[in-house]
Amino acid sequence: MKSQIKKIENYIPEEPIESVKERLGLKKLVRLSANENPFGTSPKVKEAILKWNFGEENRYPDGYASDLRNKIADFIGVIPEKLVFGVGLDEIITMISRIFLETGDEVILSKPTFSEYALHAQIEGAKVIEVPCLSENGHYDFEGFLKQITNKTKVIWVCNPNNPTGTYEEVSTLKAFFDQVPDNVLILLDEAYIHYVTKNNSTSFLPELDNYKNVMLLRTFSKAYGLANYRVGYAVMNENLANYMQAVRLPYNLNSLAQVAAIAALADQDFINNSVEKTRIERDNWEHFFKESKIKYYSSQANFVFFNFPAANKLADELLRNGYQIRRGLLKDWLRVTIGSEEDGVKLRSIISKNK
Ligand SMILES: *Cc1c(COP(=O)(O)O)cnc(C)c1O
């Protein structure tokens, strides 16, 4: 066994909703701990799945996901050869770490950020260097990142908007940082929550991608598109890097139903726009509440908010007893709540007020 595996703490996945309900004797449980789309999935997805040709069950799926590939390429305006698909972004993160990292390499990331980046770096024997976010506003400390770059640095992870802080970095800020990173360092830009950014019209780094040969952009269907159960994510990069990724990727990673679901979800942009608009309104309600209640939080452009609460575990337990599961354990005294319906928001905020 690789010696580093023995030091790894297992990722604890979300407990199935039914099992939490049974364990706690709850009639209803609203899961707001995993940033899934609480407004569900486009009904067009189920329609498309039911139309699938079940005569193909014994055949391997299209290993190149050609139809989905062409539709996404067309939608985001890149050539199809720039796309690499994964069983969720989780698989892309695994693949990237496997391809680019060896023992002794260094990886730089923000603290706190999505935990999978560090996990897979550790599995490959790389050293993880954490740069704390700016405590006043939760933003990336890009100056701090630059100071950590050495000749061992192989990979830099930037999550935008960042999970769990929710903070969004402007494209101009990213460019100013990327311009100072040496070309031989790979920058991974995770845009899992980019659909939820509403402050500007142009929010993605995508139009700049061709100018940065060492940047890879990551997207998923698990969040705004409401397809977490189908496991579809993709990365956009120059064709040269894409060829290396394709060589390592498992040949039939996306099953046909996942491909069909993603095609149908992509075609229903009204569903996305509607989910984003409801989220934006509720996000404003949450931020207004935190301001009024003098609870420290980071201004979010994602579908969740991160807030400081000294008795965090006690509050999370109390919310659970009331049928609401939110995320704890990401940073001491901080909690992350996925933005759901206004009705649930009103109840959650009243419980938080009572427990202050
Ligand atoms: C949820 C999440 C992912 C993983 O998404 P999947 O496509 O479901 O594997 C990746 N990055 C970030 C920042 C996330 O929050």
Side-chain angles (χ1 to χ4, degrees), residues 11-14 16 31-38 41 45 65 68 72 83-98 107 109-121 130 133 138-140 155-169 174 187-197 203-205 216-236 245 249-250 253-255 257-259 261-262 265-266 272 275 279 298 300-306 325-327 329-331 334-339:
Y11 180 82
I12 302 168
E14 291 290 335
R31 183 155 84 195
L32 297 170
S33 56
N35 301 339
E36 298 145 320
N37 187 336
T41 306
V45 170
L68 176 61
I72 292 177
L83 302 180
V84 176
F85 288 94
V87 176
L89 270 188
D90 284 348
E91 195 195 23
I92 300 267
I93 296 165
T94 313
M95 238 189 273
I96 289 167
S97 309
R98 188 163 182 202
V107 173
L109 42 80
S110 190
K111 183 189 164 77
T113 194
F114 189 51
S115 61
E116 295 285 299
Y117 312 146
L119 172 70
H120 291 287
E130 295 181 316
C133 69
H139 277 265
Y140 270 67
V155 160
I156 292 178
W157 285 98
V158 178
C159 184
N160 194 42
N162 187 47
N163 177 6
T165 53
T167 47
Y168 169 73
E169 308 297 342
L174 294 179
I187 300 169
L188 285 324
L189 182 57
D190 186 340
E191 291 195 340
Y193 299 98
I194 200 70
H195 306 90
Y196 291 106
V197 181
T203 56
S204 171
F205 192 77
M216 243 188 230
L217 194 134
L218 276 49
R219 296 270 183 93
T220 178
F221 280 87
S222 297
K223 307 290 159 63
Y225 280 99
L227 295 188
N229 209 329
Y230 289 93
R231 316 303 301 124
V232 183
Y234 65 94
V236 196
M245 296 277 285
R249 183 180 62 83
L250 295 179
N253 58 346
L254 292 203
N255 70 65
L257 293 179
Q259 297 181 33
L266 184 72
I272 299 290
S275 297
T279 303
Y298 291 143
S300 170
Q301 284 286 294
N303 70 334
F304 52 85
V305 227
F306 198 48
Q325 187 175 24
I326 70 168
R327 189 73 159 86
L330 296 166
L331 194 65
W334 288 73
L335 293 165
R336 188 192 70 195
V337 59
T338 304
I339 295 161

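Both counts, for ligands and for their atoms, begin at 1 and track the order of listing.
The shell of residues lying under 4.0 angstrom from ligand 1, judged by heavy atoms, includes Lys223. In this structure, Tyr117 is part of the shell of residues with a heavy atom less than 4.0 angstrom from ligand 1. At least one heavy atom of Cys159 sits less than 4.0 Å from an atom of ligand 1. Residue-ligand proximity: Arg231 is placed with a non-hydrogen atom under 4.0 Å from ligand 1.
Between Val84 and the choices Glu91, Arg249, Met216, the side-chain contact (heavy atoms from CB on, under 4.5 Å) rule is met once, by Arg249.
Judged purely by atom type and a 3.5 angstrom limit, Asn37 has no side-chain atom pairing as donor or acceptor with the backbone of Tyr225. Listed for the Glu116 side chain is no donor-acceptor partner under 3.5 Å among the backbone atoms of Ile93.
Scanning all protein heavy atoms for the shortest distance to atom 8 (O) of ligand 1 gives Ser222 OG, 2.6 Å. The nearest heavy-atom contact from the protein to atom 10 (C) of ligand 1 is Phe114 CE2, 3.4 Å.
Close contacts between ligand 1 and Asp90 involve ligand atoms 4 (C), 9 (O) [criterion: under 4.0 Å to a heavy atom]. Every atom of ligand 1 with a heavy atom of Tyr193 under 4.0 Å away is listed here by number and element: 1 (C), 13 (C), 14 (C), 15 (O).
Side-chain N/O atoms of Asn162 and Tyr298 include no donor and acceptor closer than 3.5 Å. Counted by atom type alone, Arg336 and Asn163 present one or more donor-acceptor pairs between their side chains at under 3.5 Å.
With Thr220, Asn229, Thr94 as candidates, the residue nearest to atom 7 (O) of ligand 1 on a non-hydrogen basis is Thr220. The closest heavy-atom contact to atom 6 (P) of ligand 1, among the options Asn163, Leu218, Leu89, comes from Leu89.
In this structure, the side chains of Phe221 and Val45 stay at 4.5 Å or more apart for every pair of heavy atoms.
Proximity of Asp190 to ligand 1, defined as any heavy-atom pair under 4.0 Å, is confined to the side chain (atoms from C-beta onward). By the criterion of a heavy-atom distance under 4.0 Å, neither the backbone nor the side chain of Glu91 is placed next to ligand 1.
Of all heavy-atom pairs between Thr41 and Gly226, the closest is OG1-O, 2.7 Å.
The aromatic ring centroids of Tyr193 and Phe304 lie less than 6.0 Å from each other.
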